[in-house]
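Because only heavy atoms are used, hydrogens play no part in the values below, and waters and symmetry mates are left out as well, while side chains stay in. Below, chain A is the first sequence line, B the second, and so on; all start at residue 1. From a predicted model like this one, the values you see are computed outputs, not experimental measurements.
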Protein chains: 2
Amino acid sequence: MKTWIQEEYKNRISAESVNDSQVGKQLFFAGWAFRFRDQGGVIFIDLRDRSGIIQIVARKELLGEAFSAAEKVRSEYVIAVSGKLSLRDADSVNPKMKTGKYEVIVEKLEILNASKTPPFALDEFDPSGEEVRLKYRYLDMRREELKDRLILRHKLTFALREYLDSKSFLEIETPILNKSTPEGARDFLVPSRLNQGQFYALPQSPQLFKQILMVGGMERYFQIVKCFRDEDLRADRQPEFTQLDMEFAFVSEDDIRREIEEMWKFSLKKVFGLEIPTPFATMPYHVAMEEYGSDKPDIRFGMKLVNVSEIVKTCDFQVFSGAIATGGVVKAICVPGGSVISRKEIEDLTAWLSRDFRAKGLAYMKHGSAGLESTITKRFTPEALEAISKAVGSKEGDMVFFGADSTKIVNASLGALRLKLSDKYDPPKSEYSFHWVVDFPMFEVDETTKSWTFLHHPFTSPKEEDWDLLRDWKAGKSVDLSKISAKAYDLVLNGAEIGGGSIRIHNAEIQSLVLEAIGIDKESANEKFGFLLEALSFGAPPHGGIAFGVDRIMMILTKSQSIRDVIAFPKTQKGTCMMSEAPGFVEAKQLEELKLRVVTI
Amino acid sequence: MKTWIQEEYKNRISAESVNDSQVGKQLFFAGWAFRFRDQGGVIFIDLRDRSGIIQIVARKELLGEAFSAAEKVRSEYVIAVSGKLSLRDADSVNPKMKTGKYEVIVEKLEILNASKTPPFALDEFDPSGEEVRLKYRYLDMRREELKDRLILRHKLTFALREYLDSKSFLEIETPILNKSTPEGARDFLVPSRLNQGQFYALPQSPQLFKQILMVGGMERYFQIVKCFRDEDLRADRQPEFTQLDMEFAFVSEDDIRREIEEMWKFSLKKVFGLEIPTPFATMPYHVAMEEYGSDKPDIRFGMKLVNVSEIVKTCDFQVFSGAIATGGVVKAICVPGGSVISRKEIEDLTAWLSRDFRAKGLAYMKHGSAGLESTITKRFTPEALEAISKAVGSKEGDMVFFGADSTKIVNASLGALRLKLSDKYDPPKSEYSFHWVVDFPMFEVDETTKSWTFLHHPFTSPKEEDWDLLRDWKAGKSVDLSKISAKAYDLVLNGAEIGGGSIRIHNAEIQSLVLEAIGIDKESANEKFGFLLEALSFGAPPHGGIAFGVDRIMMILTKSQSIRDVIAFPKTQKGTCMMSEAPGFVEAKQLEELKLRVVTI
């Protein structure tokens with residue numbers, strides 16, 4: 001490489017930083033040849049760097065022999081150029097380019113590196129080829145979409161840190177090599193060579209450690225940190241993901257929510273220029289379930305679920321009255337303008353709801369000129385039809401869908417139907433909608449084991465007014481555990497849960513009762529997180545916190561289709577990296593040192 | 001818990017934030033009872049929070065019945081206090097306390113949580129009990145030493161991020177679940193459940209990914225990131241450690257060094273109030289080895305190694321002349337005032353150098369009133385003794401030690417002796433000394449395998465002027481590979497290597513030659529890091545970078561004795577966490593899912 005270039009690096013100008021005051025000046029650029037055309041004696045190159053693009057013009061008449069370097073340039077060659085910034089002729093100005101009124105007249109041009117022809121075009125989006133784009137991630141990264149997302153991700157995490165530092169939060173690193181605990185999902189394990197037969201587990205979250213930090217008096221903690229779950233990967237999950245993890249001492253639920261709102265307001269304004277109104281709306285869990293059939297409702301549009309059980313419980317339609325008689329419920333949603341939905345479409349919807357949500361059917365009524373009508377309307381009195389229409393707010397041209405089953409199935413299926421039809425019939429009214437879901441129940445019955453389990457996690461505090469219910473339960477009195485409320489809160493953005501947290505238990509007695517209620521006995525509790533239980537007995541302050549899914553948030557804010565689009569080096573659904581080909585087989589010696597054997601069946 | 005407290009949290013004042021303008025005002029504090037004394041009717045409590053301590057005074061005459069809460073307070077109880085800030089009487093002012101002129105007259109006091117008696121005192125340092133302090137890390141964290149270090153660590157990483165953001169660096173996360181590569185140390189492995197028989201490896205550094213980010217056009221990258229090495233742990237190593245990892249495109253070695261110097265200047269000024277002069281001094285590797293016997297010399301004091309081979313090669317002392325005759329070297333250091341070192345001490349030093357550095361002996365001469373004298377001086381001419389004294393700069397009262405052996409053994413042993421004796425005989429002259437070591441050789445012969453290996457890593461670029469030597473070597477010509485210089489640089493602080501980096505190879509031909517020179521054949525190279533080699537052929541820009549050990553830097557800057565002192569939750573030398581008891585045994589089901597068996601012998 002020529003020495004003049006190495007000395008020029010420090011004077012390097014980024015493509016899109018040029019401005020009128022530099023016209024006529026000798027500038028130095030380095031980057032990639034994005035597009036080029038040879039007009040015989042004049043070669044035009046769009047030089048691309050991280051900032052964008054600027055046009056470079058090499059003229060044979062000016063360069064003489066040195067012109068030959070420009071002739072050798074091909075797509076994605078790395079070049080260094082020294083030249084004079086000039087204004088283009090009026091008729092060559094490209095208004096679509098940010099630097100479209102400038103060009104750089106080459107005085108020196110050097111090829112810093114050649115490039116093979118890329119396996120896909122870098123100036124257009126080819127959604128069909130994700131495998132190839134993942135394999136050549138470094139080429140995909142040169143495209144504007146991915147590059148911009150990675151820049152925005154840096155800016156967002158930096159803005160969050162800036163806000164949190166200004167509010168006296170300390171970023172404290174917690175260990176990656178942990179102990180395996182039963183926190184729900186499956187742990188990734190790391191065999192320990194120095195402690196044979198034993199394993200570390202990668203953290204699913206720093207939950208125990210952040211509580212320990214509160215017991216340690218750190219008062220306000222945060223960390224932007226990798227977490228891990230060895231799950232069968234769904235479309236938008238990754239085995240390793242990034243959390244903004246936070247914990248505060250001496251706080252109320254309200255204090256935490258206000259601080260979080262200001263954090264997002266500051267960060268989204270700074271990075272995306274968004275104005276987010278605060279405080280965020282708050283919705284109790286039971287309202288979210290009742291009206292949206294979901295604990296993470298998208299409230300940017302209507303089509304709410306309306307409970308019509310009272311109206312239909314005595315009707316002649318056995319599907320409805322029977323569902324209610326057996327303890328179920330009948331709910332309806334009104335789809336504005338939905339009367340155009342064809343019979344075929346309804347059949348497809350019915351099949352989908354049956355397959356994915358175990359819904360037994362999908363009753364419906366069109367709102368015609370004479371009110372609600374369908375094959376089943378004759379089973380209802382005119383007053384009942386009128387009452388249904390009024391309850392759901394239907395008008396001519398609308399379609400009303402019904403769910404009749406257990407509350408759980410009705411909520412899940414109508415909630416899903418609502419989301420599916422919204423884009424077409426009731427598109428979201430605002431771009432971003434943040435709101436809190438609060439007042440979660442502390443316990444629910446696990447469908448598989450039929451025993452009590454927690455909704456959030458076993459360190460979430462029940463509301464103080466419900467502590468006596470727990471004590472009564474312990475004393476053998478008949479207590480409905482589902483009536484105990486948790487001091488928990490989720491933050492929902494556009495129908496996605498982006499964060500969840502709670503006030504924690506800081507009292508050893510209540511912590512024991514909660515663990516007992518969900519069937520974790522003392523011995524097993526001590527083995528798994530005995531150190532936290534012990535810490536609670538050494539002056540643990542009242543504390544609470546929250547954790548946010550950074551990948552998910554970036555995905556929503558950049559309107560990406562997949563979580564892979566906001567991660568520099570994502571893994572496929574099989575947990576592999578197309579580029580580095582991780583995971584891989586290892587040498588026998590490595591397994592010997594770990595005293596491990598792979599068991600082939 | 002009382003509702004008034006939850007509503008007061010948002011008005012909470014930190015102990016050491018009080019000032020004169022608040023005197024007479026009703027303030028709310030919450031924290032731990034650090035010390036307390038009951039003077040019958042008046043209870044004094046030192047309330048401690050993260051900021052520090054303030055004295056709380058509960059008077060029975062003011063509180064009446066409510067006084068009983070104050071009477072129940074014990075060490076490390078968590079309390080909330082509402083009271084009026086007052087100035088103490090002149091004779092009760094405590095000038096040793098930052099808030100020593102204030103006290104808070106309690107109007108309300110609530111115990112938020114009780115505490116068992118801590119297993120060690122929190123108001124004094126007990127260095128003997130590290131195991132207990134690690135087990136109860138949350139209690140140790142309440143002590144000023146550890147608390148302050150964690151706060152400084154947050155401040156340092158934030159300042160670094162602030163500087164790097166302002167200089168257009170992007171923080172980009174690289175994967176933790178990687179492929180195992182032969183990068184020197186042993187990998188931690190993570191079995192893959194979805195790809196049976198295969199393993200991920202935890203990263204020893206993000207080296208390959210950061211180079212890929214440069215090929216991807218990210219231009220300036222950094223990350224503060226956990227790295228992992230499964231080594232037999234020495235005193236100041238941890239299995240997981242934190243790096244500040246950086247990479248730049250389109251840079252020269254000088255550009256990188258200037259940027260790094262400004263980064264440290266900014267950060268240390270902001271966090272520690274230190275004025276660090278820039279640019280840092282630069283020392284070639286061969287000078288560091290010759291004069292300090294180390295590639296990370298502590299240059300804050302003298303006692304340099306002086307090569308006296310020319311003077312002694314013909315002397316009558318066979319230990320010296322023989323070492324030189326067999327290709328070795330004789331070097332000396334002068335210890336100022338060292339003539340007081342006793343014979344017994346010298347015997348101990350000799351045994352230590354023999355055991356740890358394979359030195360065959362430790363010759364010495366005192367500088368007395370008549371010049372150098374010892375049992376061996378009769379083997380030297382007066383002119384030689386004079387020349388030695390002049391070369392090492394000895395004067396009356398000094399001691400001169402000699403090493404005579406292979407260059408490697410002499411450098412290692414005299415370098416170590418120099419460090420050991422400096423505190424007593426030539427204490428460091430400045431508090432912090434940053435300097436660069438540069439011009440490293442590219443290759444060295446591995447002592448074990450007797451084959452060529454790299455000093456830094458196989459992606460380090462040889463200096464351009466030496467590329468032809470590599471090509472000659474490939475063409476079968478006789479080339480001494482040790483003559484090839486690398487574009488590598490280490491940053492040394494007070495005799496510790498705190499960072500190391502290099503300009504990388506961005507050229508596929510040179511990369512292949514380097515790999516071949518160190519005996520990595522094409523097939524094995526492709527299997528291990530083929531994706532990087534392929535990336536280099538798609539328009540890789542010239543690039544280079546550096547990585548810093550954050551733990552080590554924090555240790556030096558906070559004058560800590562151990563790396564464990566600057567990590568919130570460190571592991572022992574056996575890789576265990578005394579608090580959480582990681583690693584641990586896992587359930588049989590977990591291993592079954594991974595198709596793994598622990599092999600007990």
Nearest 0.5 Å, please: how far is OH in B:Tyr9 from CZ in A:Phe248?
13.5 Å
Are A:Asp232 and B:Leu194 close enough, and set up right, to give a side chain to side chain contact (heavy atoms under 4.5 Å, CB included), and what steps lead you there?
CA-CA 8 Å; A:Asp232 295 314; B:Leu194 296 174; 3.5 Å; yes
Taking the side chain as everything from C-beta on, heavy atoms only, tell me whether B:Phe199 gets closer than 4.5 Å to A:Val598.
yes
Answer with side chain, backbone, both or neither: which region of B:Glu581 has an atom nearer than 4.5 Å to a non-hydrogen atom of chain A?
both
Would you mind checking which part of B:Thr117 comes under 4.5 Å of any heavy atom in chain A, side chain (CB onward), backbone (N, CA, C, O), both or neither?
backbone
Counting C-beta onward and ignoring hydrogens, is there a side-chain heavy-atom pair between B:Arg193 and A:Arg186 closer than 4.5 Å?
yes
Quick check on A:Phe209 against chain B: is it the side chain, the backbone, both or neither that has a heavy atom closer than 4.5 Å?
both
Of all heavy-atom pairs between A:Ser180 and B:Gln590, which one has the smallest distance, and what is that distance?
OG-NE2, 3.1 Å
Side chain from CB out, backbone as N, CA, C, O: work out which of these in B:Glu593 comes under 4.5 Å of a heavy atom of chain A, or both, or neither.
side chain
Please examine the side chains of A:Met218 and B:His154, heavy atoms only from C-beta on, and report whether any two atoms are closer than 4.5 Å.
no
What option among B:Met579, B:Glu592, B:Glu76, B:Glu259 has the most heavy-atom pairs under 4.5 Å with chain A?
B:Met579
Residue selection (most heavy-atom pairs with chain B, distance under 4.5 Å) from A:Asn507, A:Ile151, A:Val251:
A:Val251
Examine whether an atom of B:Tyr77 lies under 4.5 Å from a heavy atom of chain A, and if so say whether it belongs to the side chain, the backbone or both; otherwise answer neither.
neither
When the 4.5 angstrom heavy-atom criterion is applied to B:Arg220 and chain A, the contacting part is both
In terms of heavy-atom pairs under 4.5 Å with chain A, the winner among B:Gly31, B:Ala568, B:Pro541 is B:Pro541
Honestly, the part of B:Ala30 sitting under 4.5 Å from a heavy atom of chain A is both
Between B:Glu534 and chain A, with a heavy-atom cut-off of 4.5 Å, which part of the residue counts as in contact: side chain, backbone, both or neither?
both
For each of B:Cys577, B:Pro191, B:Ala33, tally heavy-atom pairs with chain A at distances under 4.5 Å, and name the one with the top tally.
B:Pro191
Mind checking whether A:Tyr138 and B:Phe538 have parallel, tilted or perpendicular rings, split at 30° and 60°?
tilted
For the CD atom of B:Gln6 and the CD atom of A:Glu253, what is their distance to the nearest 0.5 Å?
8.5 Å
Can you say whether B:Asp140 sits under 4.5 Å from chain A via the side chain, the backbone, both, or neither, judging by heavy atoms?
neither
In terms of heavy-atom pairs under 4.5 Å with chain B, the winner among A:Thr242, A:Asn178, A:Leu146, A:Val225 is A:Thr242
Tell me the closest heavy-atom pair linking A:Lys179 and B:Ala582, and the distance in Å.
N-CB, 3.6 Å
Contact between A:Leu177 and B:Leu202 at the side-chain level, heavy atoms closer than 4.5 Å - yes or no?
yes
Side chains of B:Val190 and A:Pro583, heavy atoms from C-beta outward: is any pair under 4.5 Å?
no
Can you check whether A:Ile567 reaches B:Glu173 side chain to side chain, under 4.5 Å on heavy atoms?
no
Counting only non-hydrogen atoms closer than 4.5 Å, does B:Arg153 touch chain A with its backbone (N, CA, C, O), its side chain (CB onward), both, or neither?
side chain
Of the backbone (N, CA, C, O) and the side chain (C-beta and beyond), which part of B:Phe222 lies under 4.5 Å from a heavy atom of chain A, both, or neither?
side chain
When heavy-atom pairs shorter than 4.5 Å are enumerated against chain A, which of B:Asp49, B:Val586, B:Val78, B:Asp165 gives the highest number?
B:Asp165
What part of A:Leu139 gets within 4.5 angstrom of chain B, counting heavy atoms only: side chain, backbone, both, or neither?
side chain
Interface check, chain A: of B:Ser14, B:Ser168, B:Ser192, most non-hydrogen pairs under 4.5 Å belong to B:Ser168
Given that the side chain runs from C-beta out, which part of A:Ala114 has a heavy atom under 4.5 Å from chain B: side chain, backbone, both or neither?
backbone
So which of B:Thr576, B:Asp254, B:Leu213, B:Val215 has the largest heavy-atom pair count under 4.5 angstrom toward chain A?
B:Val215
Between B:Glu219 and A:Arg12, is the side chain to side chain contact (heavy atoms under 4.5 Å, CB included) condition met? List the steps.
CA-CA 12 Å; B:Glu219 300 193 5; A:Arg12 179 169 171 253; 3.0 Å; yes
Does atom NZ (A:Lys147) have a neighbourhood of more than 12 heavy atoms from anything else shown, all under 6.0 Å?
yes
Answer with yes or no whether the side chains of A:Thr157 and B:Glu171 bring together a donor and an acceptor at under 3.5 Å.
no
Given a strict heavy-atom distance threshold of 4.5 Å, which part of B:Ile224 is in contact with chain A: side chain, backbone, both, or neither?
neither
pair B:Lys574-A:Asn195: side-chain heavy atoms closer than 4.5 Å:
yes
Which of A:Ser115, A:Pro570, A:Ala249 touches chain B most, by non-hydrogen pairs under 4.5 Å:
A:Ser115
Are A:Leu150 and B:Leu170 close enough that some pair of their side-chain heavy atoms sits under 4.5 Å apart?
no
Identify which of A:Met141, A:Arg137, A:Gln198 forms the greatest number of heavy-atom pairs closer than 4.5 Å to chain B.
A:Gln198
Distance in Å, B:Asp230 CG paired with A:Leu594 CG, rounded so as to fall on 0.5 Å steps
7.0 Å
Kindly indicate, with the supporting measurements, whether the criterion side chain to side chain contact (heavy atoms under 4.5 Å, CB included) is fulfilled by B:Leu536 and A:Asn113.
CA-CA 9 Å; B:Leu536 293 180; A:Asn113 211 350; 5.8 Å; no
Begin from the C-alpha positions of B:Glu240 and A:Tyr200 and carry the test side chain to side chain contact (heavy atoms under 4.5 Å, CB included) through to its verdict.
CA-CA 12 Å; B:Glu240 57 183 289; A:Tyr200 301 100; over 6 Å; no
Heavy-atom proximity to chain B below 4.5 Å, by part of A:Glu8
neither
Mind listing the closest non-hydrogen atom pair of B:Leu112 and A:His506 along with its distance?
O-NE2, 3.4 Å
Measuring heavy-atom distances to chain A, does B:Asp255 have an atom under 4.5 Å in its side chain, in its backbone, in both, or in neither?
side chain
So for B:Ile172, is it side chain, backbone, both, or neither that comes closer than 4.5 Å to the heavy atoms of chain A?
side chain
Work out which heavy atom in A:Pro175 is nearest to a heavy atom in B:Phe569; give both atom names and the distance.
CG-CB, 3.7 Å
Under 4.5 Å heavy-atom distance to chain A, tell me which part of B:Leu591 shows up: side chain, backbone, both or neither.
side chain
Measure A:Lys226 against the heavy atoms of chain B and call it side chain, backbone, both or neither at under 4.5 Å.
side chain
